[in-house]
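Working notes, structure below.
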Amino acid sequence: MLGEVLVLNASFEPLNIVPVRRAVVLLLKEKAEVVEAAQRRIHSGNGLALDWPLVIRLVYFVKIPAQFPLPLNRRTVMARDQYTCQYCGIQPSKAGLTLDHIVPRARGGKSDWKNVVSACIPCNQRKGGHTPQEAGMSLLSRPDRPRYAAVVLLGRVQGPTVWRKYIPH
Ligand SMILES: [Zn+2]
């Protein structure tokens, strides 16, 4: 994962994940500054060596529309939930994780960010066609539309440990 760099907005909100070469270009053009670096050097190709960036921050604020397009699908929901069953908290393999409609579709539950969560197969089966309340189950958190598109779209919350400080959950 050393090959990728977390890009923060000037406000320190996570914006994107880019290849290290792209980050170096932003740094050399002084469009960004290093926030976190690894204990090694990277050579820029024109004789310059700099600390290997892990997290950089844009010098200028980039305005993001409040309602950026964010498709709801298996990958984005699971990335939002960090591949964790929202009922029991386990992190099975991706194949062992399903999407659950909190209010079942058959009972009018919508396919939206507030009604779809990741669930392991045993929890999904136990819940069946019931609401969590009926099944005596509770959610670990209240699901909602993610605030940070980049992280969810890329589905890579699992970057270097140092990223986690900058990616609120
Ligand atoms: Zn579970």
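Start at 1 and go down the list; that is how both ligands and their atoms are numbered.
Considering only heavy atoms from C-beta on, Asn124 stays 4.5 Å or farther from Tyr87 through its side chain.
In this structure, Lys94 satisfies the cation-pi test against Tyr83, with its NZ or CZ atom closer than 6.0 Å to the six-membered ring centre and inside 45 degrees of the ring normal.
Here the side chain of Arg80 pairs a donor or acceptor atom with the backbone of Asp144 at under 3.5 angstrom.
No side-chain donor-acceptor contact under 3.5 Å links Ser118 and Gln86.
Annotation: the span from Thr84 atom OG1 to Met78 atom CE amounts to 11.0 Å, rounded to 0.5 Å. Here the CZ atom belonging to Arg21 is positioned 4.5 Å from the CD1 atom belonging to Ile42, to the nearest 0.5 angstrom.
Inspection of the environment of the Zn ion (ligand 1) yields the following protein N, O or S atoms under 2.8 Å: Cys85 SG, Cys88 SG, Cys120 SG, Cys123 SG.
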